[in-house]
Amino acid sequence: MNFMNRKLWIIGGMSLALGACAAKKVAPVRYSLGLASADYRDYSKARVNICDAEPRTVADELGGVNKLLTDFLSSTEQVKNPHSVDHGRAVELLQEASGSLGKVLDVYQANLGAVGKCGYAKSGAFPELTKQGRELVEQSRARMEAATQLLAVQEAQKKWLAEAPEREKTARQTWCAKNPEVGSTDLYYARRFADGRTEWLFCDGHIVQSGANGGEPTLVSPEGLSQKDRRKVKPPRYLEAAQGYPVEEMDKQPASIADLSKPAPAPAPNTAAGGN
């Protein structure tokens with residue numbers, strides 16, 4: 001091999017080596033969720049072995065994604081508590097995450113599995129980073145799945161509340177006389193809220209109510225009832241009518257994801273406990 005050919009061979013070899021090194025670099029993707037952000041790389045999509053990447057770069061990436069997932073879990077912790085001041089923000093963050101976090105978790109889980117096969121996997125901070133990463137991925141997936149179901153139930157509960165007056169009106173028009181007589185105990189509609197509160201509505205305006213904790217039902221009279229009409233009211237008969245209303249035919253507010261697949265009950269006929 002003459003000098004010129006040797007020089008070209010060396011230059012060509014160096015070019016191939018440099019090209020190989022360049023091919024191992026994977027551009028980071030910046031992912032933002034709420035106020036947190038982190039860089040991650042999809043090594044599998046780029047067909048690059050993560051073990052060929054700079055260990056420090058990989059460690060920084062694992063630490064950054066772990067922090068983002070930790071912040072996500074902390075910020076969505078109150079999603080099941082509608083009375084918390086943080087509930088609204090938790091719902092917003094979960095809605096934001098629903099369209100994007102799943103993909104990041106898939107890529108990150110694959111990266112964690114690949115890192116375990118690298119020569120540096122058991123050195124430095126890598127054991128703790130990968131252990132924490134796997135736990136956070138599992139917890140984040142569980143939070144997302146539970147939140148998806150929870151948000152679906154909450155949306156169904158709002159819809160149920162918004163449409164309840166129309167269902168009540170329809171039942172009243174179906175089962176009540178135009179001018180119902182006070183004391184007749186004609187029961188036309190019953191509903192149970194997700195927290196267990198129950199109401200039985202009577203054509204003459206009376207309501208039997210029971211609390212969320214299953215206390216004794218009580219009778220509530222309509223306002224403006226005259227003394228003459230009050231004498232017609234026999235509370236035990238209203239309570240008896242309420243107890244006799246079929247539970248399966250109550251208008252129930254969804255309380256769980258399983259309730260969303262149940263068909264709405266058909267309006268039940270009025271229930272009277274003895275008439276006048």
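Note: Asp42 CG to Lys103 NZ = 7.0 Å, rounded to the nearest 0.5 Å. Between the NZ atom in Lys234 and the CD atom in Glu240 there is a gap of 14.5 Å [rounded to 0.5 Å]. Rounding to the nearest 0.5 Å gives a distance of 11.5 Å between CG of Asp251 and CZ of Arg192. Atom CD in Glu199 sits 8.0 Å away from atom CD in Glu168 (nearest 0.5 Å). Here the straight-line distance linking atom CG of Leu239 with atom CG of Leu219 works out to 6.5 Å at 0.5 Å rounding. Separating the CZ atom in Arg230 from the OG atom in Ser221 is a distance of 6.0 Å, to the nearest 0.5 Å.
In the hydrophobic cluster analysis, where Ile, Leu, Val, Met, Phe, Trp and Tyr join through side-chain heavy atoms closer than 4.5 angstrom, Val220 is grouped apart from Phe193. Following chains of ILVMFWY side-chain contacts shorter than 4.5 Å, one can reach Leu105 starting from Val29, so the two form part of one hydrophobic cluster. Taken together through direct or relayed side-chain contacts under 4.5 Å among Ile, Leu, Val, Met, Phe, Trp and Tyr, Leu69 and Val58 form part of one hydrophobic cluster. When hydrophobic clusters are built by joining Ile, Leu, Val, Met, Phe, Trp and Tyr residues whose side-chain heavy atoms come closer than 4.5 Å, directly or via intermediates, Val26 is grouped together with Tyr120. Under the 4.5 Å side-chain heavy-atom criterion for ILVMFWY residues, a single connected hydrophobic cluster contains both Leu101 and Leu151.
Contact annotation: the side chain of Ile50 approaches that of Asn111 to within less than 4.5 Å [non-hydrogen atoms, C-beta and beyond]. Residues Trp200 and Met250 meet the side-chain proximity criterion, which asks for heavy atoms closer than 4.5 Å. The side-chain heavy atoms of Val182 and Val233, taken from C-beta on, include a pair separated by under 4.5 Å. Taking 4.5 Å as the limit, some side-chain heavy atom of Leu136 sits within range of a side-chain heavy atom of Thr70. At least one side-chain heavy atom of Leu112 sits less than 4.5 Å from a side-chain heavy atom of Leu62. With a 4.5 Å cut-off on side-chain heavy atoms, His206 and Leu225 count as touching. Inter-residue side-chain proximity for Val247 and Lys252 is flagged as met; some heavy-atom pair is nearer than 4.5 Å. For the pair Thr57 and Arg41, the minimum side-chain heavy-atom distance is below 4.5 Å.
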Derivation and outcome, side-chain contact (heavy atoms from CB on, under 4.5 Å), residues Leu73 and Glu77: CA-CA 6 Å; Leu73 291 168; Glu77 189 174 3; over 6 Å; no

side-chain contact (heavy atoms from CB on, under 4.5 Å) between Tyr31 and Tyr40, intermediate numbers included: CA-CA 8 Å; Tyr31 177 68; Tyr40 74 96; 3.9 Å; yes

Test side-chain contact (heavy atoms from CB on, under 4.5 Å) applied to Val137 and Tyr108, step by step: CA-CA 8 Å; Val137 167; Tyr108 190 47; 3.6 Å; yes

Step-by-step side-chain contact (heavy atoms from CB on, under 4.5 Å) determination, Gln139 to Phe72: CA-CA 10 Å; Gln139 293 168 11; Phe72 164 71; over 6 Å; no

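Closest approach of Val79 and Val91 over heavy atoms only: CG2-CG2, 4.1 Å. Residues Pro180 and Arg172 come closest through the heavy atom pair CG-NH2, 4.2 Å. Nearest heavy atoms, Tyr189 versus Ala164: OH-O, 4.0 Å. Contact record, Glu61 with Asp39: CG-O, 3.4 Å, taken as the closest heavy-atom pair. Nearest heavy atoms, Ala59 versus Leu129: O-CD1, 3.8 Å. Of all the heavy atoms in Ala255 and Gln157, the pair that sits closest is CA-NE2, 4.1 Å.
Heavy atoms of other residues, nucleotides or ligands lying less than 6.0 angstrom from CD of Glu216 number 12 at most. Counting non-hydrogen atoms of other residues, nucleotides and ligands closer than 6.0 Å to CZ of Arg30 gives a total above 12.
Taking a cutoff of 4.0 Å between a charged side-chain nitrogen and a carboxylate oxygen, Glu155 and Lys159 do not qualify as a salt bridge. Salt-bridge annotation for Lys232 and Asp229: present, with a side-chain N of the basic residue lying under 4.0 Å from a carboxylate O of the acidic one. Contact check on Arg141 versus Glu138 returns no salt bridge, with no Lys/Arg side-chain nitrogen under 4.0 Å from an Asp/Glu carboxylate oxygen.
Between Tyr238 and Phe202, the ring planes are perpendicular. Angles over 60° get that label, and only those under 30° would be called parallel.
At distances below 3.5 Å, not a single donor-acceptor pair connects side-chain atoms of Ser256 with backbone N or O atoms of Pro254. Gln78 contributes no side-chain N or O that, together with a main-chain N or O of Ala90, makes up a donor-acceptor pair within less than 3.5 Å. Put simply, the side chain of Ser184 gets close to the backbone of Glu181: a donor and an acceptor are under 3.5 Å apart. Ser74 contributes no side-chain N or O that, together with a main-chain N or O of Asp71, makes up a donor-acceptor pair within less than 3.5 Å.
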